[in-house]
*Asks:* 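Take a look at the following structure, please.
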Amino acid sequence: MRWSQSFIPTLREAPADAEVASHILLVRAGYIRQLAAGLYSYLPLAWRSLLKIQAIVRQEMDTIGQEFQLPALHPAELWQASGRWELMGGNLFRLKDRWQRDLCLGMTEEEVMAAIAARELRSYKQLPQIWYQIQPKFRDEPRPRSGLLRVREFIMKDAYSFDVDEAGLDVSYQKHDRVYRRIFERCGLRYVAVEAHSGAMGGSQSQEFVVLGEAGEDMVALCQACGYAANLEKASAVPAPFADPDTAAQPERFPTPNARTIAELAAFTGEPAARLAKSLVYIVGDKPVLVLLRGDDEASEAKLGTAFGGAEFRPAHPEEILAATGAPPGSVGPVQLATPVRVLADQSLRGRRNLTVGGNQEGFHIRHVTPGLHFQPEWVDVREVRGGDACPKCGQPLQVSQAVEIGHIFKLGRKYSQGLGVRVLDAAGQEIVPIMGSYGIGIERILTAAIEQNHDANGFWLPKAIAPFEVVITPTNLADPAVAALAQQLYNDLRAQGRDVLLDDREERPGVKFKDADLIGIPARITVGKKAAAGVVEVVDRAHRQTIEVSTADVPTALAEMPE
RNA sequence: CGGGACGUAGCGCAGCCCGGUAGCGCACUUGCUUGGGGUGCAAGGGGUCGCGAGUUCAAAUCUCGCCGUCCCGACCA
């Protein structure tokens, strides 16, 4: 491609409404333009890259499954059958047709795939099936943000497996695990596979693929020593042990005026926050539940969901707390409750003694309270892991890091196959409901994550496999016939070798061309300049900013030897 | 949905507090110049000041309403 005839609208300055690196650079490099909040047009450079990413995904997915093309518009009945019409709330884009029939724009394709399976699959002999598609998906995000990282329309590869039983699902799940790793490796990403929360959809096993980086919205816990990695929604850890004072003192109520928060209580009593127990009250279904945590810990919403058995829950309102416990928020505790309330305690409190807890009376707390002795909680894991906690596998300290989710695989179960009536006969002639898996990859997020991990002050560089062009040829002075001719010859030669080449044939000063070449993500540059008459050019490695001089005949070798 | 900020030429901004009919840099056009990290000179083109209403002789500027965009939080199978 000739630059002079291309549409590559680069910007010298960062757009005012962009903050994260990938967003700023995608706009500056002429990859994307915003159409509305969370909606972006992909200009030619972005689309070339996204097509390459999709080609890799398609090629790898074809080794285990078959591609479909499905409608983006779905009838409401389908989503009502799965229960997601109500469940998804405002996140689902809804619309009506001219007959006032309800429709929605698909956020994923479980329903459509399951509907096809329900109509067509009859025998266990047709299983397993792995079906996938790569298409735009829609989510009416409450807050689109960070450029391409959180948008309302995006391209997702999602795949669904149908198996006779759990053992078959294991196999389908493992196939996806392998294929995903190949995809992300081929895309040149430095990624981590982390254990993930399987969500409220009744999944059993789940793994996320993430790229570490500050732009990410996920938090993951990592162990450098043994490789344990988990999303914070799922991660468990052993909190730093805490030695409680050894005393035979009995529980004792004492006044704590104006000490409502853990920080205030710690200041008032002179005890560290770890010696205090934090009591949170949730309404689970329609009943209050008290959850006890170490004072310096936070509750994980996702883990609470698991602890509550998937029931709907929300933090209790102050008046509900008062009615259930006898005290307003800030003085609530697990003993001497006004009404019988189910009490859960995080397992980090197991074995702890003589803690200080709320007194269920405004302005009072109780000290010398020992779990298991003075109250009998149900033990659960609901605390959010913190950096420095001990790894649950090997005991070494965990690191907590932000991450961008690029893929997610998980065992779905039978929710959709059941809800949409997928049934086949097994070998014994019995009707069974196949079990499903669900596997997603965010196509734009691969591009975005690659930029997040490969950028500097001048721009970014993409791995060769997903860059819009492998190499850009930069003639420094087209008025020099030797330079112009050599650049043209190199362009022809490299294209004849089947490479994606961009020739910067614009009448611009060298400085402008160098700046643009650095900006737009192409991993290699060939500068044709002063030594053109001698047939010598420079091959520049964008990532490492290293330049070598070679004769034109050696250019292919130099490109091949460039570290990825 | 709660909190905050912003909206003036394609982009980045000033002007608004203190009302008098819009300016800077970049980009763009033409000519000359320059030619290894966003050359220099000269001459140009381009703006319903987000939208609507109000106050006023007069509104980018003051008042009210609406819309849009971004950030923090909530949310995110």
Side-chain angles (χ1 to χ4, degrees), chain A residues 9-20 23-24 27-28 30 33-40 79 82-92 106-111 137 139-147 149-152 154 156 158 160 196-203 206 208 216-219 231 233 301-302 305 310 314-315 404-405 408-413 415-416 419 436-440 442 457-459 474-480 483-484 504 506-519 525 527-532 537-538 540 545 547 549:
Chain A
T10 58
L11 262 30
R12 190 190 290 229
E13 289 177 277
D17 54 11
E19 300 232 323
V20 304
H23 185 195
I24 292 171
V27 174
R28 281 197 58 208
R33 287 295 185 262
Q34 185 177 47
L35 189 60
L39 297 175
Y40 288 87
W79 287 68
S82 71
R84 291 210 295 176
W85 184 262
E86 288 75 29
L87 194 71
M88 290 324 309
N91 274 358
L92 190 61
M107 351 183 13
T108 54
E109 304 287 341
E110 279 88 349
E111 284 84 357
K137 296 294 184 312
R139 290 189 189 184
D140 196 356
E141 288 290 343
R143 182 150 94 83
R145 76 187 92 162
S146 306
L149 277 176
R150 188 157 209 82
V151 290
R152 295 195 292 175
F154 56 98
M156 186 156 107
D158 50 343
Y160 304 93
H197 185 65
S198 42
M201 304 301 286
S206 171
E208 252 175 48
E217 301 181 297
D218 273 20
M219 297 294 281
N231 190 299
E233 293 183 341
E301 294 277 322
R314 58 170 172 82
V404 177
E405 179 185 1
H408 197 165
I409 61 178
F410 80 101
K411 297 182 177 177
L412 246 192
K415 178 189 167 73
Y416 295 92
M436 292 177 67
S438 165
Y439 318 89
N458 298 307
T474 308
T476 55
N477 181 7
L478 289 170
D480 179 338
V483 169
D504 193 350
R506 297 174 299 169
E507 277 295 344
E508 290 286 355
R509 310 251 321 166
V512 173
K513 295 185 178 186
F514 292 149
K515 289 287 185 191
D516 271 346
D518 284 350
L519 176 62
R525 183 179 88 212
T527 307
V528 181
K530 290 189 172 114
K531 298 185 178 171
V537 299
E538 292 159 27
V540 184
R545 310 218 113 221
T547 302
E549 280 196 357

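Note that the structure is predicted; figures quoted are calculated from it, not measured. Per chain, numbering begins at 1; letters A, B, ... match sequence-line order. Scope of the values below: all heavy atoms of this structure, side chains included, with no hydrogens, waters or symmetry mates.
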*Asks:* Could you identify the nucleotide paired to rA5(B), looking across every strand shown and requiring Watson-Crick or G-U wobble geometry with both distances under 3.5 Å?
*Replies:*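 Check on rA5(B): paired to rU69(B), both distances under 3.5 Å.
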*Asks:* Tell me what Ala18(A) touches on the nucleic acid: a base, only sugar-phosphate, or nothing, going by heavy atoms under 4.0 Å.
*Replies:*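 No contact.
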*Asks:* Taking the side chain of Glu538(A) as heavy atoms from C-beta outward, which of rG38(B), rG36(B), rC71(B) is closest to it?
*Replies:*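 Side chain of Glu538(A) sits closest to rG36(B).
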*Asks:* Mark yes or no for whether Arg28(A), through its side chain, and Leu11(A), through its backbone, hold a donor-acceptor pair below 3.5 Å.
*Replies:*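 Flag set: sc Arg28(A) to bb Leu11(A) pair under 3.5 Å.
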*Asks:* Whole-Å distance between rA77(B) P and Met436(A) CE?
*Replies:*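 Checked: the CE to P distance equals 17 Å.
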*Asks:* For atom C1', what is the distance between rA59(B) and rG54(B), given to the nearest Å?
*Replies:*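 Looking at atom C1' only, rA59(B) and rG54(B) are 11 Å apart.
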*Asks:* How far does the C1' atom of rA9(B) sit from the matching atom of rU29(B), given to the nearest Å?
*Replies:*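 Between the two C1' atoms, the distance is 15 Å.
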*Asks:* Counting any heavy atom closer than 4.0 Å, what does Ala479(A) reach on the DNA or RNA strands: base, sugar-phosphate only, or nothing?
*Replies:*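 Since no nucleic acid heavy atom lies under 4.0 Å of Ala479(A), the category is nothing.
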*Asks:* In this structure, how many angstroms lie between the P atom of rC76(B) and the CD atom of Glu208(A), rounded?
*Replies:*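 Answer to the nearest Å: 14 Å.
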*Asks:* For Arg150(A) and for Lys513(A), find the nucleotide of RNA chain B with the closest heavy atom, then tell me which residue's nucleotide is more 5'.
*Replies:*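 By nearest-heavy-atom nucleotide position, the 5'-most residue is Lys513(A).
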*Asks:* Please measure how far the C1' atom in rG10(B) lies from the corresponding atom in rG45(B), and state the result in whole Å.
*Replies:*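 After rounding to an integer number of Å, I get 13 Å for this pair.
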*Asks:* Does a distance-only test, which skips hydrogens and angles, find a donor-acceptor pair under 3.5 Å between the side chain of Asp518(A) and the base of rG37(B)?
*Replies:*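 Result: at least one qualifying N/O pair found.
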*Asks:* Can you tell me how far C1' of rU69(B) sits from CG of Leu39(A), to the nearest Å?
*Replies:*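 Going from Leu39(A) (CG) to rU69(B) (C1'), I get 13 Å.
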*Asks:* Can you tell me, in whole Å, how much space there is between the C1' of rU63(B) and that of rC70(B)?
*Replies:*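 After rounding to an integer number of Å, I get 26 Å for this pair.
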*Asks:* Both Val528(A) and Glu217(A) contact RNA chain B. Taking the nearest nucleotide for each, which residue is further toward the 5' end?
*Replies:*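 First, find each residue's nearest nucleotide; the 5'-ward one identifies Val528(A).
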*Asks:* Hey, are the side chains of Ser146(A) and Val151(A) touching, using non-hydrogen atoms and a 4.5 Å cut-off?
*Replies:*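 In short, these two side chains do not touch, never coming nearer than 4.5 Å.
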*Asks:* Going from CG on Leu412(A) to CD on Glu110(A), what distance comes out if it is rounded to the nearest 0.5 angstrom?
*Replies:*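 The CG atom of Leu412(A) sits 5.5 Å away from the CD atom of Glu110(A).
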*Asks:* Hey, does Arg33(A) reach any base, or is it just sugar-phosphate, or nothing, if we go heavy atoms under 4.0 Å?
*Replies:*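 No contact.
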*Asks:* Looking only at side-chain N and O atoms, does Arg143(A) come under 4.0 Å of OP1 or OP2 in rC72(B)?
*Replies:*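 Yes, within the criterion.
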*Asks:* Can you tell me how far apart CD (Glu13(A)) and CD1 (Ile24(A)) are? Round to the nearest 0.5 Å.
*Replies:*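 Answer for the CD-CD1 pair, Glu13(A) versus Ile24(A), is 12.0 Å.
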*Asks:* Atom CG of Leu35(A) and atom P of rC70(B): how far apart are they, to the nearest Å?
*Replies:*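 So the two atoms are 12 Å apart, to the nearest Å.
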*Asks:* Please give, in whole Å, the distance from rG7(B) P to Asp17(A) CG?
*Replies:*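 Taking CG of Asp17(A) and P of rG7(B), I get 13 Å after rounding.
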*Asks:* Please name the nucleotide paired to rG54(B) by Watson-Crick or G-U wobble geometry with both distances under 3.5 Å, or report none.
*Replies:*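 Because both required distances fall under 3.5 Å, rG54(B) counts as paired with rC62(B).
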*Asks:* How many angstroms lie between CE in Met156(A) and OH in Tyr439(A), if you round to the nearest 0.5 Å?
*Replies:*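 Between Met156(A) CE and Tyr439(A) OH, I get 13.5 Å after rounding to 0.5 Å.
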*Asks:* For the NE2 atom of His408(A) and the CG atom of Asp218(A), what is their distance to the nearest 0.5 Å?
*Replies:*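 If I round to the nearest 0.5 Å, the distance is 9.0 Å.
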*Asks:* Do any N or O atoms of the protein come closer than 3.5 Å to N or O atoms of nucleotides 41-46 of chain B, and which pairs are they?
*Replies:*
none

*Asks:* Could you tell me the Watson-Crick or G-U partner of rG44(B), where both distances fall under 3.5 Å? Say none if there is no partner.
*Replies:*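 When the pairing criteria are applied, rC28(B) turns out to be the nucleotide that pairs with rG44(B).
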*Asks:* Taking only the side-chain heavy atoms of Ser146(A) (C-beta and beyond), determine which of rC71(B), rA77(B), rA74(B) contains the nearest atom.
*Replies:*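 Taking heavy atoms from C-beta onward, the closest nucleotide is rC71(B).
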*Asks:* Do Trp85(A) and Glu111(A) come within less than 4.5 Å of each other through their side chains, counting heavy atoms only?
*Replies:*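 Not in contact.
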*Asks:* So which protein N/O to nucleotides 26-30 of chain B N/O distances come out below 3.5 Å?
*Replies:*
{"residue": "rC26(B)", "atom": "O3'", "partner": "Arg12(A)", "partner atom": "NH2", "Å": "3.3"}
{"residue": "rC26(B)", "atom": "O2'", "partner": "Arg12(A)", "partner atom": "NE", "Å": "3.4"}
{"residue": "rA27(B)", "atom": "OP1", "partner": "Arg12(A)", "partner atom": "NH2", "Å": "3.4"}

*Asks:* Rounding to an integer number of angstrom, what distance separates rG68(B) and rC62(B) when you compare their P atoms?
*Replies:*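 After rounding to an integer number of Å, I get 23 Å for this pair.
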*Asks:* Between Arg33(A) (side chain) and Tyr40(A) (backbone), is there a donor-acceptor pair under 3.5 Å?
*Replies:*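 Checking the backbone N and O of Tyr40(A) against the side chain of Arg33(A), no donor-acceptor pair under 3.5 Å is found.
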*Asks:* Choosing from rU39(B), rG36(B), rC70(B), which nucleotide comes nearest the side chain of Thr476(A)?
*Replies:*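 Output: rG36(B).
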*Asks:* Testing Glu508(A), Glu538(A), Lys513(A) one by one against Thr474(A) for a side-chain contact (heavy atoms from CB on, under 4.5 Å), which residue passes?
*Replies:*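 Of Glu508(A), Glu538(A), Lys513(A), side-chain contact (heavy atoms from CB on, under 4.5 Å) with Thr474(A) is met by Lys513(A) alone.
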*Asks:* Heavy atoms under 4.0 Å, any strand shown: does Pro15(A) hit a base, just sugar-phosphate, or nothing?
*Replies:*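 It contacts sugar-phosphate atoms only.
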*Asks:* Can you check the distance between rG36(B) and rG46(B), where both ends of the measurement are the C1' atom (answer in whole Å)?
*Replies:*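 One C1' to the other, the span is 34 Å.
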*Asks:* Does the pair Asp518(A)/Arg525(A) count as a salt bridge with the N-to-O cut at 4.0 Å?
*Replies:*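 Looking at Asp518(A) and Arg525(A), the cut-off is met.
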*Asks:* Quick check on side-chain contact (heavy atoms from CB on, under 4.5 Å): which of Arg143(A), Glu217(A), Arg139(A) does Arg150(A) satisfy it with?
*Replies:*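 That would be Glu217(A); it is the only one of Arg143(A), Glu217(A), Arg139(A) passing the side-chain contact (heavy atoms from CB on, under 4.5 Å) with Arg150(A).
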*Asks:* Whole Å only: how far is the CG atom of Asp480(A) from the P atom of rU34(B)?
*Replies:*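 After rounding, the gap between these two atoms is 15 Å.
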*Asks:* In whole angstrom, what separates Leu412(A)'s CG from rA77(B)'s C1'?
*Replies:*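 Result: 8 Å.
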*Asks:* Can you find a side chain N or O atom of Gln34(A) that sits less than 4.0 Å from OP1 or OP2 on rG68(B)?
*Replies:*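 Answer no for this pair, as no side-chain N or O of Gln34(A) is under 4.0 Å from OP1 or OP2.
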*Asks:* What contact category does Arg525(A) fall into here, base, sugar-phosphate, or nothing, at under 4.0 angstrom with non-hydrogen atoms?
*Replies:*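 Since a base atom lies under 4.0 Å of Arg525(A), the category is base.
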*Asks:* Say you pick atom P in rG47(B) and the same atom in rG4(B); how far apart are they, in whole Å?
*Replies:*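 Between the two P atoms, the distance is 37 Å.
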*Asks:* Choose from rA74(B), rG36(B), rG12(B) the nucleotide whose nearest atom is closest to any side-chain atom of Arg145(A).
*Replies:*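 Side chain of Arg145(A) sits closest to rA74(B).
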*Asks:* Drop me the distance from Tyr160(A)'s OH to Met436(A)'s CE, to the nearest 0.5 angstrom.
*Replies:*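 Rounded to the nearest 0.5 Å, the OH-CE separation comes out at 7.5 Å.
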*Asks:* Using the P atoms only, state how far rG15(B) lies from rG31(B), rounded to an integer number of Å.
*Replies:*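 Rounded to whole Å, the distance is 38 Å.
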*Asks:* Does rU39(B) have its OP1 or OP2 closer than 4.0 Å to a side-chain nitrogen or oxygen of Arg509(A)?
*Replies:*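 Arg509(A) to rU39(B) OP1/OP2: side-chain N or O found under 4.0 Å.
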*Asks:* Mind calculating the distance between CG (Asn477(A)) and C1' (rG37(B)) to the nearest angstrom?
*Replies:*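 Result: 15 Å.
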